[in-house]
Undergrad: 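Got a structure here, written out as structure tokens. Questions coming.
Since the model is a prediction, treat every value here as computed from it, not as a measurement.
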Amino acid sequence: RGANLSRVARALKALLTDNPYGITRLGVFWDFGSLHQHPDPPNGDMRTKKQNALFKQGLGCLGRLYSHPYTRVLRLTSFPDGHKAEDQA
């Protein structure tokens, strides 16, 4: 538990440590955790209409956020040791 958060925390610490701009604070937007996801698609459990509307509204803002010149994007491209993709649904 918390493996992905630990990985991100290490990356954020590195950004604060190794930056030529004297940055001392960072804001974090975690898209997966900030936008409603489908709870359990294999079992037909999907977002509600309201959640879907909020999800689409949020998607409409992502381009602005991700394209900002001071935005740094971190991607988790693999699962931590001992975790399987099929267990993450």
Side-chain angles (χ1 to χ4, degrees):
R1 298 200 180 262
N4 284 333
L5 185 57
S6 293
R7 294 165 76 190
V8 170
R10 283 192 303 275
L12 294 174
K13 185 175 181 179
L15 283 173
L16 287 173
T17 303
D18 300 326
N19 77 80
Y21 309 107
I23 297 169
T24 59
R25 284 186 344 176
L26 298 170
V28 175
F29 171 74
W30 197 307
D31 62 359
F32 183 83
S34 299
L35 299 174
H36 289 284
Q37 305 298 311
H38 291 299
D40 189 6
N43 291 313
D45 192 5
M46 307 298 274
R47 289 185 291 260
T48 65
K49 287 182 182 182
K50 183 177 181 179
Q51 290 171 338
N52 208 42
L54 290 169
F55 178 82
K56 288 179 180 181
Q57 183 181 5
L59 284 182
C61 301
L62 289 182
R64 199 171 325 143
L65 176 66
Y66 285 126
S67 65
H68 191 279
Y70 295 119
T71 294
R72 299 295 174 258
V73 176
L74 305 176
R75 294 176 54 217
L76 294 171
T77 58
S78 64
F79 290 99
D81 291 340
H83 289 74
K84 297 177 186 172
E86 59 270 17
D87 294 337
Q88 303 301 312

Undergrad: Can L65 be reached from L59 by stepping across I, L, V, M, F, W or Y side chains whose heavy atoms are under 4.5 Å apart?
TA: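 Yes, L59 connects to L65 through the hydrophobic network.
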
Undergrad: Of all residues at least two apart in sequence or in a different chain, which pass the side-chain hydrogen bond (donor to acceptor under 3.5 Å, both in side chains) check with N43?
TA: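 N43 satisfies side-chain hydrogen bond (donor to acceptor under 3.5 Å, both in side chains) with D40 once adjacent residues are dropped.
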
Undergrad: How many angstroms lie between CG in L5 and CG in L12, if you round to the nearest 0.5 Å?
TA: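 With rounding to 0.5 Å, CG (L5) is 9.0 Å from CG (L12).
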
Undergrad: How long is the straight-line distance from CG of L76 back to CG of N4, given to the nearest 0.5 Å?
TA: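 Atom-to-atom, N4:CG and L76:CG are 5.0 Å apart.
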
Undergrad: Roughly how far, to the nearest 0.5 Å, is CD of Q51 from CD of Q37?
TA: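 Output value for this atom pair is 10.5 Å.
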
Undergrad: In Å, rounded to the nearest 0.5 Å, how long is the span from CG of L62 to CD of Q57?
TA: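 So the CG of L62 and the CD of Q57 are separated by 11.0 Å.
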
Undergrad: Could you measure the distance from the CG atom of L26 to the CG atom of L74? Nearest 0.5 Å is fine.
TA: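 Output value for this atom pair is 9.0 Å.
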
Undergrad: So how far is it from S78 OG to R7 CZ, rounded to the nearest 0.5 Å?
TA: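 Rounded to the nearest 0.5 Å, the OG-CZ separation comes out at 4.0 Å.
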
Undergrad: Could you state whether I23 and Y70 fall into the same hydrophobic cluster, counting links through intermediate Ile, Leu, Val, Met, Phe, Trp or Tyr residues with side-chain heavy atoms under 4.5 angstrom apart?
TA: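 No, because I23 and Y70 fall into different hydrophobic clusters, even though each may have its own neighbours under 4.5 Å.
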
Undergrad: Quick one: closest heavy-atom pair of M46 and P41, and the distance?
TA: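 In terms of heavy atoms, the two residues are closest at SD-CA, 3.8 Å.
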
Undergrad: Please answer whether the main-chain N or O of T48 pairs with a side-chain N or O of N52 as donor and acceptor at a distance below 3.5 Å.
TA: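 Side chain of N52 to backbone of T48: no pair is present.
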
Undergrad: Hey, can you pull the donor-acceptor pairs under 3.5 Å for the side chains in residues 27-36, sequence neighbours left out?
TA:
from: D31; atom 1: OD2; to: Y66; atom 2: OH; distance (Å): 2.9
from: S34; atom 1: OG; to: W30; atom 2: O; distance (Å): 2.8

Undergrad: Without hydrogens or angle criteria, can the side chains of R64 and T71 be said to hold a donor-acceptor pair below 3.5 Å?
TA: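 Result is no, nothing qualifies.
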
Undergrad: Could you walk me through whether R75 and V73 pass the side chain to side chain contact (heavy atoms under 4.5 Å, CB included) test, one step at a time?
TA: CA-CA 6 Å; R75 294 176 54 217; V73 176; 4.1 Å; yes

